[in-house]
Amino acid sequence: MDTKNNKQNDANLNSSPSGRLGGAGLELPNDLGFYGEFGGAYIPEILHGTVEKLKEAFYAIKDDASFRAEYYDLLKNYVGRPSPLYFATRLSEKYGTKIYLKREDLNHTGAHKINNALGQILLAKRMGKTRIIAETGAGQHGVATATACALMGLECIVFMGKTDVERQFLNVQKMRMLGATVEPVTSGNWTLKDATNEAIRYWCSNPDSFYIIGSTVGPRPYPEMVAFFQSVISEEIKRQLQEQIGRSYPDYLMACVGGGSNAMGTYYHFLNDERVKIISAEAGGLGVETGETAATISVGTVGIIHGFRTLLMQDEDGQITEPYSISAGLDYPGIGPAHAHFAKIGRTKVYPVNDDEALEAAFELTRLEGIIPAIESAHAMALLKKEIGTFKPDDIVVINVSGRGDKDMDTYVKHFNM
Ligand SMILES: *Cc1c(COP(=O)(O)O)cnc(C)c1O
């Protein structure tokens, strides 16, 4: 980003002085952290003061010029932003419309998660914190957090279900090389939900730690804060579309939703613009009717998990059902409160995308454009087939490629018999 663009960034952010979703006019979340009926802060008494202080610190830095300068400098010189907005010629020909890919896969550490980890660690530093904790499922957020901690010289503890430690060992090795302590969690099903419970438990006994949550989930202010740190994605899309096609908005925006951070970053500055159709992919797994799924919007009911109210995969007794997806980054039993809200009011359209559809889309993107996407991002690519009948030749479709496929090569090789 050059100085001129930085000024434009400032103008964008200043156009929503509250920093809330979609800019002026869309006053979400409300003062209690709710998006409609979803969100809030359902936390143990002992964390109340910690979370209040965090909220105040976040609101203080959001419109602070020196914070923004430090953050944007890291995004540019460390992460490599802006990430390209790439016109995908052969994919566009195939689908009979104009498809642009936002290349978050080209960021340092290979996905969008670093945007948020760096924003939160700068905030932690300003708050004088010295110990960082985080949860991770596939290990991507763990690696991003361990990276940010190495960069800042801070202690880092990452909670990870023992099953995931074994499944995602490369990321465990990376975290350890970066200096983080990986704590294998053996409660519940030994996966992400259990790692998050454990991180919250640790936070309760060590409230002076700074908890870097990896998605638009958790108690207020996390969903708003993570969306804010990811909003650089849509800020760049706006500017890049203006430069490339002379118009600052697309007809369609598409992204995959696990907890919802890459999607919310992609939608952020367009939520208020009704010309933009917004379409999300959630992980269908083997199919929503099979029970082997992580499609929270499709099968979830209202409940509370990890400090917030949302749609949740649970049985009649309120016990969380274990989600399933081929993609470790999407198998979370809940969903960010903003996504639950926007789906409910019809602002976003959400499709479950099954494992086989995602695999097919990953292969297609690889062979048509030479880009091997993360299996999570492949769920977003599969939305093209869901909407193919609605595209006009001149429509502008922007899809967020949230990460690269290195970590998924075993899955791809096995599936395609390569
Ligand atoms: C973690 C991850 C996701 C899912 O998380 P969101 O918060 O929903 O964005 C998607 N894509 C990639 C590449 C990831 O690493």
Side-chain angles (χ1 to χ4, degrees), residues 29 32-45 47 135 137-138 159 161-164 167 185-201 204 213-220 222-223 256-260 263 280-358 376 379:
L32 295 173
F34 279 91
Y35 304 80
E37 63 176 298
F38 306 110
Y42 298 83
I43 48 172
E45 189 61 35
L47 284 180
E135 84 297 333
F159 296 89
K162 192 152 181 281
T163 307
D164 291 331
R167 284 196 294 208
V185 173
T186 53
S187 53
N189 291 302
W190 301 11
T191 58
L192 175 59
K193 161 179 69 67
D194 314 299
T196 309
N197 286 337
E198 204 52 45
I200 293 174
R201 219 168 281 148
C204 288
I213 292 184
S215 190
T216 45
V217 297
R220 154 190 85 137
Y222 282 100
C256 66
V257 176
S280 303
E282 57 176 2
L286 299 183
V288 289
E289 66 296 337
T290 67
E292 295 293 306
T293 184
T296 316
I297 299 264
S298 303
V299 304
T301 50
V302 176
I304 290 168
I305 186 173
H306 300 147
F308 67 111
R309 192 167 193 268
T310 190
L311 292 173
L312 200 54
M313 290 175 50
Q314 55 188 336
D315 65 19
E316 281 150 22
D317 301 326
Q319 293 297 314
I320 311 287
T321 25
E322 189 65 15
Y324 164 78
S325 161
I326 192 169
S327 141
L330 299 181
D331 65 358
Y332 184 65
I335 185 166
H339 287 285
H341 173 68
F342 287 117
K344 186 180 169 193
I345 64 170
R347 176 65 187 98
T348 59
K349 190 165 165 185
V350 184
Y351 287 99
V353 169
N354 296 348
D355 289 359
D356 54 346
E357 296 170 312
E376 292 85 5
H379 285 71

(message) Main chain of E37, side chain of R309: is a donor-acceptor contact present, judged purely on distance under 3.5 Å?
(response) yes
(request) Carefully, step by step, assess T290 and V288 under the rule side-chain contact (heavy atoms from CB on, under 4.5 Å). (result) CA-CA 6 Å; T290 67; V288 289; over 6 Å; no
(message) Before you tell me yes or no, could you show the steps for T301 and Q314 under side-chain hydrogen bond (donor to acceptor under 3.5 Å, both in side chains), namely the whole-Å CA-CA distance, both residues' side-chain angles and the distance that decides it to 0.1 Å?
(response) CA-CA 7 Å; T301 50; Q314 55 188 336; 2.9 Å; yes
(request) Using modelled atom types only, decide if a donor and an acceptor are shared between the side chain of D317 and the backbone of Q319 within a distance under 3.5 Å. (result) no
(request) Report yes if the side chains of V302 and L311 come closer than 4.5 Å at any heavy-atom pair, otherwise no. (result) yes
(request) Please confirm whether the backbone N or O of T191 pairs with a side-chain atom of D194, one donor and one acceptor, at under 3.5 Å? (result) yes
(message) To the closest 0.5 Å, what do you measure between OG1 (T296) and CD1 (I335)?
(response) 5.5 Å
(request) Output the distance between atom OG1 (T196) and atom CD1 (I213), rounded to the nearest 0.5 Å. (result) 8.0 Å
(request) Report yes or no: does H339 contribute a side-chain atom to a donor-acceptor pair with the main-chain N or O of G260 at less than 3.5 Å? (result) yes
(request) Quick one: closest heavy-atom pair of A199 and E135, and the distance? (result) CB-CB, 4.3 Å
(request) Flag the pair F34 / P29 as yes when at least one side-chain heavy-atom distance between them is below 4.5 Å, and no otherwise. (result) no
(request) Please confirm whether the backbone N or O of G334 pairs with a side-chain atom of T310, one donor and one acceptor, at under 3.5 Å? (result) no
(message) How long is the straight-line distance from CZ of F159 back to CG of D164, given to the nearest 0.5 Å?
(response) 15.0 Å
(message) I need the minimum non-hydrogen distance between I305 and L312, along with the two atoms involved.
(response) CG2-CD1, 3.4 Å
(message) Quick check against the 3.5 Å criterion: does E357 have a side-chain atom that pairs as donor or acceptor with the backbone of G284?
(response) no
(request) Please report the shortest heavy-atom distance between L192 and G137, naming the atom on each side. (result) CD1-N, 3.6 Å
(message) If you define the side chain from C-beta out and look only at heavy atoms, does anything of M313 sit under 4.5 Å from E322?
(response) no
(request) Write down the atom of P323, the atom of A294, and the distance for their closest heavy-atom approach. (result) CB-CB, 3.9 Å
(message) Taking P352's backbone N and O only, do any of them form a donor-acceptor pair with E282's side chain (distance below 3.5 Å, no angle check)?
(response) no
(message) Do F38 and K344 have side chains that approach each other closer than 4.5 Å (heavy atoms only, starting at C-beta)?
(response) yes
(message) Test side-chain contact (heavy atoms from CB on, under 4.5 Å) on L286 and Y324; report intermediate values, then the result.
(response) CA-CA 8 Å; L286 299 183; Y324 164 78; 3.8 Å; yes
(request) Report yes or no: does S215 contribute a side-chain atom to a donor-acceptor pair with the main-chain N or O of V217 at less than 3.5 Å? (result) no
(request) List the atom of V353, the atom of A281, and the distance in Å for their closest heavy-atom pair. (result) CG2-CB, 3.8 Å
(message) For the OG1 atom of T348 and the CD1 atom of I297, what is their distance to the nearest 0.5 Å?
(response) 6.5 Å
(request) Evaluate the side-chain proximity of H379 to S327: yes if any heavy-atom separation is below 4.5 Å, no if none is. (result) yes
(message) Rounded to the nearest 0.5 Å, what separates atom CD in E289 from atom OG in S298?
(response) 10.5 Å
(message) Tell me every residue that passes ring-ring contact (aromatic ring centres under 6.0 Å, His included) with Y332, counting only those two or more places apart in sequence or in another chain.
(response) H306
(message) Using side-chain heavy atoms (C-beta onward) and a distance below 4.5 Å, is L47 in contact with C204?
(response) yes
(message) Looking at every heavy atom in both A283 and T293, which two are closest together, and how far apart are they?
(response) O-OG1, 3.5 Å
(message) So, taking the atom named CZ in F308 and the one named OH in Y222, what distance separates them when rounded to the nearest 0.5 Å?
(response) 13.0 Å
